[in-house]
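Scroll down for the structure; my scribbles are underneath it.
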Number of protein chains: 2
Amino acid sequence: MNLINVLKKSGYRVTTSREIICRILEEAGHEHFTADSLFKLARKHSNEIDLATIYRTFELLEELGIIEHSHQAHSSGIYYLKGNKTNTHIACEKCGDIEDISSKTISKVNELISKDTNYEIEKNHFVYSGFCKKCK
Amino acid sequence: MNLINVLKKSGYRVTTSREIICRILEEAGHEHFTADSLFKLARKHSNEIDLATIYRTFELLEELGIIEHSHQAHSSGIYYLKGNKTNTHIACEKCGDIEDISSKTISKVNELISKDTNYEIEKNHFVYSGFCKKCK
DNA sequence: GTTCGTGCAAACGATTTGCATTACT
DNA sequence: AGTAATGCAAATCGTTTGCACGAAC
């Protein structure tokens, strides 16, 4: 399903900036973007586009339920399509690589924590960190 | 064991600011401080003390292995004595209350994630978030 | 022709840093 | 006296916002 069509159907205008951002998200070779990494890619298609527009478009796409974001401990947020895959990630403290954590694992994790603390966890808003195979 | 003595023994100078900060940490009614919350408390003892000093002292105490810090998703870092208790926390998204997560739970959690991803986790640098009993 | 979305620049909150002065030792 | 530590102000990083102009409808 085409992101631009979702925007159109929801009554939002189709602009050059939004087209570029949506195309990049859809063609995503790598799945996770910081605002800045997507900005740099977008600049290759247009040197008019602004970082603020990336943030505003992320916000819009998040409201529409298309993307999500999480926070890294000493670094910037990551944004990614909210697909069928998991929405919790782990980043390597050394090389910065980001991997998915399976949703089964996350359910177990959140259940463990809920049991222990009596808190109800809806979603993990952060990125785990550790050392990947290569770096550990 | 007295924090000021640790500083002294490690060759660091004992200053008014450090005394105030250490006393607050030791007397901690609540266990978790943001730089700013400790700053506000410190200001009650001296209106000379500066936020930068809080950060610098936190950094020093962390190097000495006395305190640790973690990051909250949409908020500031929390600093706490690295005692016998757990070093991973959960914050309520509504009221902001922070609870400890037991170290047994965290070991299990980290093991689950390590198995799933092949990443090695040393420490969780973030604060979980969810809704506490009252707020959920 | 309206209104929405943009680029730009400035404001933001949390944290860090440069620097000249102060105060431990 | 010598130097580490401070307060202050300015800088930084990631992100957000105000605003006047331009583009989508």
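Letters go in sequence order (proteins before strands), and every chain restarts at 1. Keep in mind that what you see is a predicted model, and the values were worked out from it rather than measured.
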Just how far, in rounded Å, is [atom2] of [N] from [atom1] of [X]?
X	N	atom1	atom2	answer
A:R18	D:dC25	CZ	P	10 Å
B:L51	D:dT12	CG	C1'	15 Å
B:I4	D:dA5	CD1	C1'	13 Å
A:F39	D:dG14	CZ	P	13 Å
A:I78	D:dG14	CD1	P	15 Å
A:H69	D:dT16	NE2	C1'	13 Å

According to the side chain to side chain donor-acceptor pair (under 3.5 Å) rule, which pairs have a member within residues 49-66 of chain A, sequence neighbours left out? A:E62-A:H69
Decide, yes or no, whether a salt bridge links B:R23 with B:E19 under the criterion of side-chain N to carboxylate O below 4.0 Å.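 No, no charged N to carboxylate O under 4.0 Å.
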Check whether the side chain of B:R13 and the base of D:dA4 form a donor-acceptor pair under 3.5 Å. yes
Position toward the 5' end of DNA chain C (nearest nucleotide), A:N47 or B:D36: A:N47
What pairs with [X] under salt bridge (charged side-chain N to carboxylate O under 4.0 Å, His left out), at least two apart in sequence or on another chain?
X	result
A:K104	none
B:E48	none
B:D36	B:K40
B:K134	B:D97

With sequence neighbours excluded, residues passing side-chain hydrogen bond (donor to acceptor under 3.5 Å, both in side chains) with A:Y79: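 Listed in chain order: nothing, the list is empty.
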Which residues satisfy the side-chain hydrogen bond (donor to acceptor under 3.5 Å, both in side chains) test with A:S75, sequence neighbours excluded?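 Partners of A:S75 under the side-chain hydrogen bond (donor to acceptor under 3.5 Å, both in side chains) test: none.
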Report yes if a side-chain nitrogen or oxygen of B:T15 is closer than 4.0 Å to either non-bridging phosphate oxygen (OP1 or OP2) of D:dT6; otherwise report no. yes
Contact interval (first through last nucleotide) of DNA chain C with protein chain A, 4.0 Å heavy-atom: C:dT3 to C:dC8
When we call it a touch if two heavy atoms are under 4.0 Å apart, what does A:I49 touch: a base, just sugar-phosphate, or nothing?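 Contact class for A:I49: sugar-phosphate only.
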So for the helix from C:dG13-D:dC13 to C:dT25-D:dA1, with five pairs setting each end axis, what is the inter-axis angle to 10°?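 Roughly 20°, once rounded to the nearest ten degrees.
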So if I take residues 53-64 of chain A and measure heavy-atom distances to DNA chain D, which residues fall below 4.0 Å?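 Residues of residues 53-64 of chain A that come under 4.0 Å of DNA chain D are, in numerical order, A:Y55, A:R56.
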Selection residues 3-17 of chain B - residue pairs positive for salt bridge (charged side-chain N to carboxylate O under 4.0 Å, His left out), sequence neighbours left out: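 Non-adjacent pairs meeting salt bridge (charged side-chain N to carboxylate O under 4.0 Å, His left out): zero.
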Just to verify, what does A:K136 make a side-chain contact (heavy atoms from CB on, under 4.5 Å) with, not counting sequence neighbours?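 By the side-chain contact (heavy atoms from CB on, under 4.5 Å) rule, A:K136 matches A:F131, B:N118, B:E120.
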Fit a plane to each ring of B:F126 and A:F126, take the angle between them on a 0 to 90° scale, and name the class: parallel (under 30°), tilted (30 to 60°) or perpendicular (over 60°). parallel
